[in-house]
Amino acid sequence: MPTLNVKTLDGEIKSIESDEGAVLMEALRDAFLVEATCGGAASCGTCHIYFENSELAGDQTEDEGYMLESLGDFVEIKDGSRLSCQVKTQANHDGALIEIAPEA
Ligand code: FES
């Protein structure tokens, strides 16, 4: 099971495990690291994360792109930005560093 290192808003690093193919947001939410208030509909932005290595971030969905565009008025959008509810955990995420984005 991939283990990811998560930099919290406090600057702490925590490790979470997420099954391959599982929605990454669910592991982050279960660890109380994101709120995910819309439940994964790409419409709240509270699950926004940054992949330190943007090559691991994968492609944004169309709805996610619109959401990130509007979030960009309030928080920094980086190459590694993703809404974690739109990310399926992959084997190559093992050991990846992700950072919780500030709330908009
Ligand atoms: S949970 Fe709301 S945008 Fe991801």
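What you see below is based on every heavy atom in this structure, not just the backbone, and it leaves out hydrogens, waters and symmetry mates. Here the structure is a predicted model, which means the values were calculated and not measured. Both ligands and their constituent atoms are indexed starting at 1 by order of listing.
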Donor-acceptor under 3.5 Å ([X] side chain, [Y] main chain):
X	Y	result
Asn5	Ser15	no
Gln86	Ala41	no
Thr46	Thr37	yes

Of Leu56, Asn53, Val6, which is the lone residue that meets side-chain contact (heavy atoms from CB on, under 4.5 Å) with Ile98? Val6
Same apolar cluster: Leu97 and Leu24, side chain cutoff 4.5 Å: no
One checks atom 4 (Fe) of ligand 1 and counts protein N, O or S atoms under 2.8 Å, reaching 2
Would Leu33 and Thr8 count as a side-chain contact (heavy atoms from CB on, under 4.5 Å) here? Give the steps. CA-CA 7 Å; Leu33 295 171; Thr8 69; 3.7 Å; yes
